Each structure stands twice: as structure tokens, then as C-alpha cells.
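Here's the structure, in C-alpha cells; my notes come after.
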Amino acid sequence: MIIILKEGVSANAVDNILGKIKDAGLNTHMSVGASKHIIGVIGDTTKINVGQLMTQEGVEDIRRVSEPFKTVNRKFHPNDTHIAVGNGFIGEGFFSVMAGPCSVESEEQIIEIAKSVKASGATCLRGGAYKPRTSPYAFQGLKSEGIRLLLEAKKITGLPIVTEIMSASVLDDFADVDIIQVGARNMQNFDLLSELGHSKKPILLKRGLSSTMEELLMSAEYIASGGNENIILCERGIRTFENYTRNTLDISAVAMLKRLTHLPIIIDPSHATGKSYLVSPLVKSAISIGADGVIVEVHNNPPMALCDGAQSLTPSEFDELMKDVKRRVEFEGKKL
């Protein structure tokens with residue numbers, strides 16, 4: 001349920017409305033806009049006498065919210081959320097480019113790539129330390145050592161770092177990580193999501209391989225309901241019958257999610273396609289459809305990569321892509 005307040009409503013009237021909702025045992029979420037103030041009511045709203053509430057000073061309208069996701073719903077929070085990362089923001093009006101290798105392999109490798117993507121214009125450094133792999137025999141990442149190396153690269157380049165968490169048991173390792181990524185396989189790891197809800201760090205939440213948009217938003221709701229609304233959604237392709245690409249990028253999800261939620265959304269063209277030559281056209285599509293950024297895999301020697309070399313751009317390919325990205329972002333009136 002949302003309560004739309006009249007323009008110029010007094011603080012006393014707002015406090016009175018909030019008090020009545022609290023007396024009913026429900027929680028509230030206050031959204032302050034340029035001209036409208038909205039109170040989101042979370043919980044069993046059948047306990048509220050809507051007719052009586054409509055008579056309260058300052059109430060303009062009351063509407064039911066049918067969707068199961070509440071806190072992340074745009075109806076609760078009409079204004080776009082902007083998330084501060086490093087010296088910039090992720091959200092409407094900005095275009096963030098997170099770039100780096102699928103896996104951190106060595107100090108030399110991650111620092112070389114970090115310097116390269118920084119020079120090309122990347123806004124964040126991505127790199128896997130804990131790696132969820134389909135095969136138990138595949139490279140599982142350097143784990144805490146990988147995070148240490150990412151932090152070394154950050155120290156040298158100043159780039160904020162993005163890396164994936166697989167279990168709440170290793171959360172202490174992420175104390176200095178700028179953005180914690182929840183991968184597609186953990187999108188519905190509800191214990192992990194609930195734990196991240198107690199954090200104030202930005203969370204990059206990837207859509208599951210076979211998950212609907214509503215399921216993605218419900219996973220975001222797990223994090224937000226714990227108090228952490230610093231959530232970035234990521235469309236990374238879903239599993240379909242198509243075999244020419246690794247997954248099928250649901251580019252329409254960007255436009256739909258922009259309508260449904262106030263959270264920023266980026267795309268991952270690398271995992272969506274599994275082919276480096278398809279990354280550039282999909283990045284261009286992301287800009288055109290209004291995405292708030294991309295996360296792209298870049299490796300200094302893709303044929304020798306320990307993970308996902310086929311979908312990784314070389315530093316020179318990434319540099320060429322960024323020249324085009326800068327032109328398009330400027331044309332769209334956004335900032336990198």
C-alpha cells in the first residue's frame with residue numbers, strides 16, 4: 001500500500017499518519033520527491049482502516065500495490081536511486097563501466113589489466129576471487145588472496161573494485177571491497193541475501209540463469225528489507241533453446257525493470273554471449289535502451305585465461321570500445 005501525501009503537507013500531519021500506521025504494527029518507507037511525498041506501508045495492510053486513514057490531514061490518495069516486491073518497487077520510491085561508488089555514482093544520468101578479468105590469476109596480471117582499463121576510461125575494476133564453477137575440477141579462484149590482489153590494484157589505480165561473494169561465511173574478506181557481487185547461481189541464496197541486507201555496501205545482484213524479472217526483484221527485496229537499498233541489478237542473459245550464444249541477453253528486461261523499480265540496472269554482455277565479438281554491439285544496445293552501465297570481461301591474454309577467455313576482450317579491443325562508448329554516452333547526455 002502507498003499513501004500519497006498532499007503537496008506542502010505539514011511535518012505534524014506526517015508524524016500523525018506514521019503513528020497510526022505504526023500503531024497497526026506495520027513498517028513504513030518514506031520517499032520524498034520534488035513535489036510528492038509517498039509513504040510506503042509494508043506488512044499486512046488489512047489491519048489498516050483505509051477509509052479512516054483517507055480522512056487524515058495531508059492524505060491525497062491511498063493505493064494498493066499488487067506486486068509482491070515492495071521496497072524496491074517504483075511505486076514506493078518514484079525517484080531513481082543513485083549509488084555512490086568511488087568518486088562517482090551508478091544510476092540514471094550516469095553510465096558505469098566495470099571492466100577486468102573473469103578471474104584474478106596473479107598480481108602482475110590484475111595490476112596490468114587494472115592500469116589498462118583505467119587508461120581506457122573504466123569506472124570500476126571487476127575481478128573474480130571466489131569463483132563458482134560448473135565443474136569441481138575447474139579453477140576456483142585465489143579466494144582471499146585474490147581480494148588482496150584486487151585491493152593492491154585499487155591502491156595503484158584508484159579504481160573501485162567489484163568481486164563476487166559465494167557465502168556469508170567469508171563476508172569479512174569483503175570489508176574493503178567497494179561493490180559485492182551476487183552471481184546468477186546465488187541469486188536465490190536467501191540466507192546470503194538476508195545477510196547482505198545488514199550491510200551498507202552496494203550489492204550487484206545478477207539475474208539467475210532461468211529466473212523471471214519478478215524473481216530477480218524479490219531477491220532484491222530480500223536485501224532491501226534488511227535495510228540495504230544500495231542494490232544494482234544486472235541482466236546477464238537467461239537460458240533458452242538458442243545454442244549460438246552462451247545465454248540469451250534479455251535486453252527488454254532493462255526497459256521493463258526501469259518501469260518496475262527505482263534501482264539502477266546494468267548488463268553483462270560477456271556472460272550473455274560467451275563470445276568476445278558480440279560484446280561491443282550489446283554494449284551499444286545497453287546505452288541505447290537506457291541501462292545504467294555494463295560489466296565487461298577484459299584479459300591481457302585471453303587464449304591463456306584460466307576462466308572464460310573466449311568472452312574476454314583484449315585491452316586494445318576494450319580501448320576501441322570505450323572510444324565509442326564515450327561518444328554515445330555524451331550524445332545521450334550521461335556522464336561516465
Side-chain angles (χ1 to χ4, degrees), residues 79-102 113-126 157-160 162 178-179 181 202 204 206-207 213 232-238 245-299 302 311-336:
N79 297 320
D80 292 299
T81 288
H82 291 86
I83 298 172
V85 177
N87 296 321
F89 293 91
I90 299 175
E92 186 64 31
F94 298 86
F95 194 80
S96 179
V97 180
M98 307 173 188
C102 177
I113 296 173
K115 289 179 177 178
S116 174
V117 298
K118 170 69 180 293
S120 296
T123 54
C124 295
L125 173 66
R126 63 142 295 155
T157 64
L159 285 175
V162 185
D178 297 283
I179 302 175
Q181 176 182 313
L204 175 60
K206 286 195 166 187
R207 184 179 179 183
M213 284 182 260
I232 306 153
L233 303 176
C234 181
E235 165 56 43
R236 48 82 67 204
I238 53 176
T245 54
R246 181 176 181 177
N247 296 284
T248 298
L249 182 69
D250 184 3
I251 197 73
S252 66
V254 175
M256 192 70 238
L257 288 167
K258 282 280 185 178
R259 184 180 180 88
L260 293 171
T261 182
H262 54 89
L263 301 175
I265 176 167
I266 69 170
I267 72 158
D268 179 349
S270 303
H271 280 93
T273 66
K275 293 175 169 59
S276 62
Y277 58 82
L278 292 177
V279 169
S280 180
L282 291 184
V283 169
K284 296 170 187 176
S285 298
I287 297 170
S288 298
I289 204 165
D292 300 302
V294 291
I295 181 166
V296 176
E297 291 190 1
V298 179
H299 197 283
Q311 64 195 38
S312 299
L313 299 178
T314 64
S316 61
E317 289 170 337
F318 179 71
D319 189 63
E320 284 301 309
L321 171 61
M322 285 303 295
K323 290 175 184 176
D324 189 56
V325 165
K326 290 172 185 176
R327 288 193 296 268
R328 291 171 184 269
V329 167
E330 184 179 357
F331 179 78
E332 294 287 342
K334 295 187 175 186
K335 298 178 182 178
L336 267 173

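What you are looking at is a predicted structure, and each value in this text was computed from that prediction instead of being measured. By convention here, the first residue in the shown sequence is residue 1.
- Each of L159, T123, V296 was scored for a side chain to side chain contact (heavy atoms under 4.5 Å, CB included) with V117, with one residue passing: L159.
- With values rounded to the nearest 0.5 angstrom, Q311 atom CD is found 11.5 Å from T245 atom OG1.
- Rounding to the nearest 0.5 Å places CG of L313 at 11.0 Å from CG of D319.
- Closest non-hydrogen pair, I251 versus I289, comes out as O-CD1, 3.3 Å.
- To the nearest 0.5 Å, atoms CE (M98) and CD (Q181) are separated by 9.0 Å.
- More than 12 heavy atoms of other residues, nucleotides or ligands lie within 6.0 Å of CD in E332, so this atom counts as buried by the packing criterion.
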side-chain contact (heavy atoms from CB on, under 4.5 Å) assessment of M322 paired with L336: CA-CA 10 Å; M322 285 303 295; L336 267 173; 4.2 Å; yes

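- Heavy-atom minimum distance, I113 versus H299: CD1-CA, 3.9 Å.
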Given side-chain contact (heavy atoms from CB on, under 4.5 Å), test S116 with V298 step by step and report yes or no. CA-CA 9 Å; S116 174; V298 179; 5.7 Å; no

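- A donor-acceptor distance shorter than 3.5 angstrom exists from the side chain of D292 to the backbone of I265, with no hydrogens or angles considered.
- Atom CZ of R236 and atom CG of L249 lie 10.0 Å apart (nearest 0.5 Å).
- The main-chain N or O of K115 is never found under 3.5 Å from a side-chain atom of T157 such that the two would form a donor-acceptor pair.
- A donor-acceptor pair is defined here as one N or O able to donate and one able to accept, closer than 3.5 Å; no such pair exists between the side chain of K334 and the backbone of F95.
- Here the side chain of E235 pairs a donor or acceptor atom with the backbone of G237 at under 3.5 angstrom.
- Remark: side-chain polar atoms of S96 are not paired, donor with acceptor, to backbone N or O of I90 under 3.5 angstrom.
- Between H82 and F94, the ring planes are perpendicular. Angles over 60° get that label, and only those under 30° would be called parallel.
- The structure places CG of L282 at 9.5 Å from OG of S270, a figure rounded to the nearest 0.5 Å.
- Residue-environment remark: NZ (K275) exceeds the threshold of 12 foreign heavy atoms within 6.0 Å.
- A distance of 8.5 Å separates CG of N247 from CD1 of I238, quoted to the nearest 0.5 Å.
- When all heavy atoms of A99 and A122 are compared, the pair lying nearest together is CB-CB, 4.2 Å.
- With T261 contributing its side chain and L257 its backbone, the two residues share no donor-acceptor pair below 3.5 Å.
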